[in-house]
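Counting from 1, the numbers follow the sequence of the chain as shown.
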Amino acid sequence: MKTINVKPFLSPEWSISDEMFVTTQFGACIEFKTTGVAKIQLNFKTSCQGVSFVVKINEEAWQTLPMIEQQLVLTIPTELSHIRIMLRAINSNSMALWQQKIILSTMLIDSGQVTQVSYNEPYVTFVGDSITAGEEMALDGNHPELSYPLLVAEALGKPLNRIAYGGTGLTASAPFQEPTAISALWQVADNIERQRVLTDLVIVNYGTNDFNYGATSDAFAFGLRIYLLELIKRFHSAKIILMIPFNGAFKDIYQTEVKRFDNFIIMATDNWIVPNLKVHPLSSEHKQIAEHILRGL
């Protein structure tokens with residue numbers, strides 16, 4: 001087996017720490033093409049338990065692949081392959097993932113060559129909570145590979161940059177305060193800077209957790225105002241779209257606060273086919289959400 005430099009194949013959700021590659025994002029991706037490779041081995045050093053990925057080879061369906069003894073091993077069935085590997089789940093929540101981190105140390109192949117997949121377009125960036133991360137989309141849990149951010153990115157022909165953590169929000173009422181919405185924009189873990197990539201479109205979905213856990217209108221208005229300033233600082237050259245939460249929460253506050261700025265566009269989600277009685281849309285509903293977003297753009 002020979003060692004391959006994995007850095008060119010990592011999505012922006014990965015960063016470097018102590019010469020290893022770190023992510024805390026469900027949906028973080030490793031993408032590359034192979035020629036004459038029959039076996040790939042990814043070696044990890046992480047304390048997270050029950051880690052699983054999904055893998056797509058060429059146009060085959062996504063398949064779940066568990067990490068076993070800190071390794072992910074792929075058998076490649078074709079001489080030429082386009083491979084995507086995406087972090088799907090751990091046996092815990094996104095706050096534990098933020099604290100413990102997925103740490104990738106090395107990538108090995110048996111023979112052949114591995115090459116980068118190049119994208120000429122700027123990234124589309126999706127920001128939000130567990131809905132944006134693709135959590136709890138089916139009975140078997142997370143499916144970031146089927147979530148609306150990826151579906152929209154693929155339809156636009158753009159690479160995806162995802163910044164989304166379950167349980168987070170814009171107020172102290174959100175159940176998880178690690179990471180905060182602001183720190184997630186700048187860091188991929190504590191004291192580990194997030195990669196900066198050129199993006200010309202940012203789509204934000206926040207407010208569901210704040211509403212569900214009792215945030216007042218005043219608290220959300222203040223949290224949103226501070227967050228909008230941070231979005232301008234982080235994505236000052238991009239078109240920024242703010243989605244109203246699917247349950248309709250804080251719609252009036254969004255409409256009032258954006259009047260203070262010239263940087264934001266409101267995307268109403270009224271009449272989108274997303275039931276208000278549950279937090280997490282199903283896979284079929286993510287597809288509908290993606291279609292609504294694409295029409296709205």
Side-chain angles (χ1 to χ4, degrees), residues 12-13 24-27 94-95 97-98 123-135 147-149 152 160-197 199-269 279 289 293 296:
E13 295 84 9
T24 57
Q25 179 65 70
F26 295 130
S94 62
M95 188 169 73
L97 179 56
W98 176 266
Y123 282 79
V124 55
T125 297
F126 281 83
V127 186
D129 52 29
S130 57
I131 298 174
T132 304
E135 295 185 42
S147 62
Y148 72 81
V152 171
L160 172 63
N161 179 32
R162 187 182 336 225
I163 306 172
Y165 295 91
T168 58
L170 304 183
T171 70
S173 296
F176 292 171
Q177 297 296 318
E178 288 188 77
T180 65
I182 289 177
S183 63
L185 290 176
W186 301 98
Q187 298 181 21
V188 75
D190 285 338
N191 298 314
I192 301 177
E193 185 176 358
R194 182 178 293 275
Q195 286 191 58
R196 309 283 184 88
V197 293
T199 185
D200 61 355
L201 177 61
V202 180
I203 301 176
V204 182
N205 182 2
Y206 267 125
T208 300
N209 289 315
D210 303 285
F211 179 81
N212 287 344
Y213 288 86
T216 65
S217 295
D218 287 344
F220 189 78
F222 179 77
L224 178 60
R225 193 176 310 163
I226 298 300
Y227 189 66
L228 295 183
L229 289 169
E230 204 71 16
L231 284 174
I232 294 170
K233 186 190 305 181
R234 179 65 179 83
F235 302 110
H236 52 85
S237 62
K239 177 181 179 180
I240 306 177
I241 295 175
L242 306 176
M243 296 171 62
I244 302 299
F246 299 130
N247 59 10
F250 305 121
K251 180 178 180 179
D252 293 343
I253 293 173
Y254 267 103
Q255 292 173 335
T256 298
E257 291 300 320
V258 297
K259 293 177 182 178
R260 302 174 184 271
F261 309 95
D262 298 322
N263 307 72
F264 302 103
I265 298 170
I266 294 287
M267 180 172 281
T269 61
V279 174
I289 293 167
I293 291 173

Check [X] against [Y] and note the closest heavy-atom contact, atom names and distance.
X: Tyr148; Y: Thr132; value: OH-OG1, 3.1 Å
X: Thr168; Y: Gly128; value: OG1-O, 4.0 Å
X: Ala174; Y: Gly167; value: CB-O, 3.6 Å
X: Gly169; Y: Ala181; value: O-CB, 3.6 Å
X: Leu201; Y: Thr199; value: O-OG1, 3.2 Å
X: Gln25; Y: Ala133; value: NE2-CB, 4.0 Å

Working for side chain to side chain contact (heavy atoms under 4.5 Å, CB included), residues Asn247 and Asn212: CA-CA 10 Å; Asn247 59 10; Asn212 287 344; 3.7 Å; yes
Distance in Å, Ile266 CD1 paired with Lys259 NZ, rounded so as to fall on 0.5 Å steps: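 Atom-to-atom, Ile266:CD1 and Lys259:NZ are 10.5 Å apart.
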Nearest-0.5 Å distance that lies between atom CZ in Arg194 and atom CD in Glu13: 7.0 Å
When the side chains of residues 226-246 are checked against the rest of the protein, which donor-acceptor pairs come out under 3.5 Å, sequence neighbours left out?
{"unit_1": "Glu230", "atom_1": "OE2", "unit_2": "Trp186", "atom_2": "NE1", "d": "2.8"}
{"unit_1": "Arg234", "atom_1": "NE", "unit_2": "Leu185", "atom_2": "O", "d": "3.1"}

Residues in side-chain hydrogen bond (donor to acceptor under 3.5 Å, both in side chains) contact with [X], at least two apart in sequence or another chain:
X: Asp200; result: Lys158
X: Ser94; result: none
X: Thr171; result: Asp210

Taking only residues two or more places apart in sequence, or in another chain, which ones meet [X] in a ring pair (Phe, Tyr, Trp, His ring centres under 6.0 Å)?
X: Phe176; value: none
X: Tyr165; value: Trp98
X: Phe261; value: Phe264
X: Phe220; value: Phe250, Tyr254

Check whether any side-chain heavy atom of [X] lies under 4.5 Å from a side-chain heavy atom of [Y], and answer yes or no.
X: Leu160; Y: Thr125; result: no
X: Val127; Y: Ile203; result: no
X: Phe126; Y: Asn205; result: no

Qualifying residues under salt bridge (Lys or Arg N to Asp or Glu O under 4.0 Å), relative to Glu257, sequence neighbours excluded: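 Testing Glu257 for salt bridge (Lys or Arg N to Asp or Glu O under 4.0 Å), a comparison that skips the adjacent residues, returns Arg225, Arg260.
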Any residue meeting side chain to side chain contact (heavy atoms under 4.5 Å, CB included) with Asp252, in chain and number order, not counting sequence neighbours: Gln255
Residue list, side chain to side chain contact (heavy atoms under 4.5 Å, CB included) with Thr216, at least two apart or on another chain: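 Testing Thr216 for side chain to side chain contact (heavy atoms under 4.5 Å, CB included), a comparison that skips the adjacent residues, returns Asp218, Ala219.
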Side-chain donor-acceptor contact under 3.5 Å, Arg162 with Ser147: yes
Any pair counted as salt bridge (Lys or Arg N to Asp or Glu O under 4.0 Å), so long as it reaches residues 180-193, sequence neighbours left out: Glu193-Arg196
N/O donor-acceptor pair under 3.5 Å between Thr24 side chain and Ala189 backbone: no
Donor-acceptor under 3.5 Å (Ser183 side chain, Thr180 main chain): yes
